Amino acid sequence: MSEETAILEVRGVSLQFGGVRALSDVTFSVARGDLFAIIGPNGAGKTSMMNCISGRYTPTSGRVVFKGRDVTGLKPNQRAELGIGRTFQNLALFGHMSVLDNIMVGRHHLVKNNFLNGALYWLGGAQKEELDHRRAVEDIIDFLEITHIRKAMAGTLSYGLRKRVELARAIALRPDLILLDEPMAGMNLEEKEDMARFIIDLNEEWGITVIMIEHDMGVVMDISHRVAVLDFGQKIAEGLPAEIMSNPRVKTAYLGEDDDTPAGTDEEVA
Ligand SMILES: Nc1ncnc2c1ncn2[C@@H]1O[C@H](COP(=O)(O)OP(=O)(O)OP(=O)(O)O)[C@@H](O)[C@H]1O
Ligand SMILES: [Mg+2]
């Protein structure tokens, strides 16, 4: 893949936690506009990989290149400003705040006016900016079909809805690339179908490149364009969903985990 078409390049990334080697020399590229899945058994290093991309962890060795720029040394907020958004495997919402306010938090870095340069307020700058933010947030609320809960406290919502609000907050940053760590974990079938539709739409209609970790192989095979497979911190396969399904190394990685659940079923695999 040429550098122009790749929005993200992970080059030889390794990550060590004391004696644990969470990632070993992992390399892959994600094309602009891709819906890219990272799969693998529990403890394979998937979340660690996301954290190296988002900047939460700094790789022990290797580089992360985003839009042609080496971001390996940048902090998470700096990467967010460049256009990398994310959600977490475990929910990270402010439970005591409304849905609306939780999403507004996502736009925080886009807010230029604050009371330190309040003079602008009197020139109308802050008011206009506030209005623009409100509009952008309302668009997202519309898109994710959460209008009915916009005033509700995030902490009182069902798990599926909270996951959706978390996605809303991540999109509010207007990322070019979004990292989704198990966006459908713990959801029932209907919630999963909704979430799959939202992910496809934000990829196709909003033009956001998606990297998604997901255990449900049915979902991965249905919606992703390309798949990378991690096992014990190493990339053991990468390709089209159908290629991954028939890859013997991938089957072995999963069968080694759980003899009853071969890769490619709709069951939770790992
Ligand atoms: N902060 C940390 N400190 C020490 N070890 C860690 C840390 N984070 C992850 N690890 C270890 O790194 C390895 C990879 O973990 P990681 O969370 O990336 O796996 P995963 O593929 O996301 O698994 P799961 O499917 O269970 O979410 C595991 O052995 C884990 O115990
Ligand atoms: Mg994980």
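Everything quoted here is computed from the prediction, not taken from an experiment. Just so you know, residue 1 is the first one in the sequence shown, and it goes up from there. When a ligand or atom number is given, it counts from 1 through the structure's own listing order. Hydrogens, waters and symmetry mates play no part in the numbers below; they use all other heavy atoms, side chains included.
- Ring planes of F198 and F143: perpendicular class, angle over 60° (limits at 30 and 60°).
- With contacts defined as side-chain heavy-atom distances shorter than 4.5 Å, the pair R86/R56 qualifies.
- The residues E9 and R69 are annotated as not salt-bridged, no charged nitrogen and carboxylate oxygen being separated by less than 4.0 angstrom.
- For the pair D34 (side chain) and F36 (backbone), a donor-acceptor distance under 3.5 Å is absent.
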- Apply the test salt bridge (charged side-chain N to carboxylate O under 4.0 Å, His left out) to residues K46 and D181: give CA-CA distance (whole Å), side-chain angles for both, the deciding distance (0.1 Å), then the verdict. CA-CA 8 Å; K46 304 179 298 296; D181 195 345; over 6 Å; no
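- Residue G45 places a heavy atom less than 4.0 Å from ligand 1.
- Inclusion of T47 in the first shell of the Mg ion (ligand 2) is supported: an N, O or S atom falls under 2.8 Å.
- Using a distance-only test at 3.5 Å, with no hydrogens or angles considered, no donor-acceptor pair links the side chain of S224 to the main chain of L35.
- Under 4.0 Å from ligand 1, heavy atoms of N42 appear from its side chain as well as its backbone.
- If you number the atoms of ligand 1 from 1 as listed, the ones under 4.0 Å from a heavy atom of H215 come out as 25 (O).
- Where the criterion is an N or O separation shorter than 3.5 Å, residue side chain and backbone included, G40 fails it with respect to ligand 1.
- Contact between E182 and ligand 1 is present, with at least one heavy atom of the residue lying under 4.0 Å from the ligand.
- Remark: ligand 1 and A44 share an N or O pair separated by less than 3.5 Å (distance only, no angle test).
- Under 4.0 angstrom from ligand 1, the non-hydrogen atoms of Y57 all belong to its side chain.
- Between D25 and K235 there is no salt bridge, since no side-chain nitrogen of the basic residue lies less than 4.0 Å from a carboxylate oxygen of the acidic one.
- Of all atoms in ligand 1, listed by their number and element, those nearer than 4.0 Å to a heavy atom of A22 are 12 (O), 13 (C).
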